[in-house]
Amino acid sequence: MTNKTDAQHALTLGDRVQADRVHTSLYTDPAIFEQEMDKVFSSTWVWVAHASEIPEAGSYKNTYIGRQPVIVVRDRKQKVHVLLNRCRHRAATVCEGKKGKTNSFVCPYHGWSYSLDGALRGVPHPESYADQLEKGELGLVSLRVEEYAGMIFATFKNDIEPLVDYLGPAKKWMDLFMKQGGGYPIKVAGEHRFRFPGNWKIQLENTTDAYHFPLVHKSFLSSVDKQTEEMLDFVGGSGYVEDLGNGHSVMVMIPQLIDLEENLDAPIPERFAELAEQLRAEQYSDEEVRRIVRAVGGSGFNLNIFPNIACSMAFFRVLQPIAVNETEIHHAVITMDGGPQVANQARLRLHEHFQGPMGFGTPDDSEAWERVQKGASAGEDLWIMLNRGLAGEKPTADGRASDVSAETGMRAAYQQWKKLMTA
Amino acid sequence: MNTELITQVAAFIWQEADMLDHGEYAQWLESWTADGLYIVPIDPQQTDFANTLNYAYDNADMREKRVARLGSGESISTSPVPRTVRDVSRFRVLANDGSNVTVRCAQNLREFRKDVLKHYTADVTFELVRSGGSFLIKRKIVRLINSTDTLQGIGYIL
Ligand code: FES
Ligand SMILES: [Fe+2]
């Protein structure tokens, strides 16, 4: 006779991802989390930065791929490097602080120094090595880096497909998303960072979860004007979720806001009437005003790029796994680089309104995800149901699509997870 | 040292702290000038709040909405509403021109909700405007000492 626990242990990793459900252990099993660090985060393209975060030669950003600290840095020739933040002498980190500018990386422990491309330049008191130190072999470990639409990705897997192939149909949506520069380059202008006690895939799922919006974000919806509230009443609307392959997916909530350069003669929403007035007063042409105002509100879709980045309406959502039951999230605000100050202020205020620990949206998401993790400790033999919208799923040119509140995006992500975890 | 002024501003700021800890928001909303701003910055060095990302940058409208959200029962992160107790101390008057007073103080706040006790320490700067024998708040800037760290939800008013 087998009890439930034995039955659960008999499930292979592959068995735990079905077409319409995934096993609860994907949220709770520390051994699975350990494997994910290797088989997912060290085996695919992982987003590390937007180009605007490291604008000049010497600009750097510290981040993580899985749990490994990396430095994203622009060298003197404008080439971007992603370097393991680990001294090749005895492992100290060579760079601290979230962002900054430097000429080189000098290890604080014994002073080995590295250039911006990671090459080992000098070591103090080299005589003790009697000329036998292989300096050429002891640069900071440098990862493969590729960039699309200003989005910088790195990978530990040297023989992986080119980034553009990995992104596939997601590229089109990235291009559309970048139109919220309103004619200016987009710029990351800060971020809200928070953690929740739950598994990273709970957040991954949420980016294409329209279903929760009217309920979890009721207090946010109560705080906006009627017109905005109606615009955000998209569950049951004509939007859709599309599986774009390789774990990527897009959820279109507001179809008329897919392309921000179209429908420019649509009426300006009430909430932006004052902004439009200010821009006109600053001598922007009617067309510029319309383009900028439309861009300020953000895109009408969320693009989820497996495994750690989303282009989400008007911001970038970055997820970073900390432990099986702990995840860090960054919501990076996007502004128009060189764009009108009043328009950028409007974007900052919109971001503050919903995002961050004091926003009217994020804390409620976070609370819901915490509740998922807590609930997942009950019923270890149960499944997470992901069959919403499965019946209505139809093939498309880029993949498969179903209604706006379908769990199609989640199913797409878990199929990619399965592919990587069972490779 | 003008201890009389310190006493006046301390009395006002303590009263504000007590209102917030006891949920007397109607009165709290009345304690502001029409152009008053409640600001919780991220970067501790930042002074250009309008052009940077903050945790909160509330004008009168947003303060009202924040209060409404807290009492609405519509937000799962603030139901139950967190209980708070704050100490405000270390008052120092930075500027005083007779009608406007800028005062900096230390705030230690304990929050309890569900099963977690949290602690937030902040430098708070008030710009107060004299009004009818008391003050109105023109600016309240709350600089959390851990503002650059990852934070969890703070649904109430610091
Ligand atoms: S550990 Fe870096 S120089 Fe020794
Ligand atoms: Fe949400």
Side-chain angles (χ1 to χ4, degrees), chain A residues 97-99 188-197 212 214-225 315 320 322 326-335 341-353 355-371 374, chain B residues 37-46 48-59 61-82 109 111 113-116 118 120 122 140 142-144 146-158:
Chain A
K98 290 180 190 82
K99 269 168 203 165
V188 168
E191 60 192 6
H192 286 136
R193 302 160 77 247
F194 66 99
R195 287 187 181 200
F196 74 95
H212 81 290
L215 196 64
V216 170
H217 300 307
K218 196 166 193 308
S219 77
F220 173 75
L221 291 168
S222 295
S223 74
V224 298
D225 62 282
F315 67 98
Q320 188 186 309
I322 305 292
E326 183 83 2
T327 304
E328 184 165 318
I329 316 281
H330 304 163
H331 287 166
V333 68
I334 296 167
T335 55
Q341 197 175 53
V342 282
N344 283 333
Q345 286 176 353
R347 283 193 71 102
L348 291 163
R349 300 295 90 82
L350 287 173
H351 194 86
E352 289 157 355
H353 189 165
Q355 321 297 339
M358 301 183 73
F360 290 15
T362 299
D364 296 321
D365 279 321
S366 184
E367 178 89 3
W369 305 334
E370 185 175 341
R371 296 273 284 268
K374 194 172 165 188
Chain B
L37 288 172
Y38 161 66
I39 302 168
V40 184
I42 299 173
D43 177 354
Q45 309 303 327
Q46 190 55 252
D48 183 6
F49 308 114
N51 291 302
T52 47
L53 185 70
N54 307 284
Y55 289 121
Y57 184 92
D58 287 5
N59 57 14
D61 182 48
M62 278 298 285
R63 284 195 298 277
E64 217 168 287
K65 286 175 172 170
R66 197 174 290 281
V67 165
R69 177 172 181 269
L70 198 48
S72 68
E74 291 179 344
S75 137
I76 45 170
S77 65
T78 52
S79 355
V81 172
L109 179 151
E111 169 212 319
R113 180 171 175 269
K114 298 216 286 197
D115 49 8
V116 185
K118 290 179 190 159
Y120 292 104
K140 178 181 178 182
V142 182
R143 291 184 177 88
L144 290 165
N146 58 338
S147 61
T148 56
D149 199 359
T150 52
L151 298 176
Q152 291 184 336
I154 303 174
Y156 49 90
I157 290 144
L158 287 173

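Every chain is numbered from 1 and lettered A, B, ... according to where its sequence line falls, protein lines coming before strand lines.
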Under 3.5 Å: donor-acceptor pair, side chain of [X], backbone of [Y]:
| X | Y | value |
| --- | --- | --- |
| A:His217 | B:Ser75 | no |
| B:Arg66 | A:Phe360 | no |
| A:Arg193 | B:Thr148 | yes |

For [X] against [Y], the heavy-atom pair lying closest together:
| X | Y | result |
| --- | --- | --- |
| B:Ser77 | A:Asp364 | OG-OD1, 2.6 Å |
| B:Leu53 | A:Leu348 | N-CD2, 3.8 Å |
| B:Gln152 | A:Pro197 | NE2-CD, 4.2 Å |
| A:Ser222 | B:Glu74 | OG-OE1, 2.6 Å |
| A:Met358 | B:Tyr156 | CE-O, 4.1 Å |

Run the salt-bridge test on A:Glu370 and B:Lys114 with the 4.0 Å N-O cut-off and return the result as yes or no.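 No, this pair does not count.
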Check whether B:Ala68 gets within reach of chain A through its side chain, its backbone, both or neither, counting any heavy atom under 4.5 Å.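 It is neither, since no heavy atom gets under 4.5 Å.
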Go through the atoms of B:Ile154 and report whether side chain, backbone, both or neither lie under 4.5 Å from a heavy atom of chain A.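 For B:Ile154, backbone and side chain are both near chain A.
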Can you establish whether the number of heavy atoms outside A:Lys374 located under 6.0 Å from its atom NZ is more than 12?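 Open: at most 12 neighbouring heavy atoms sit under 6.0 Å from NZ of A:Lys374.
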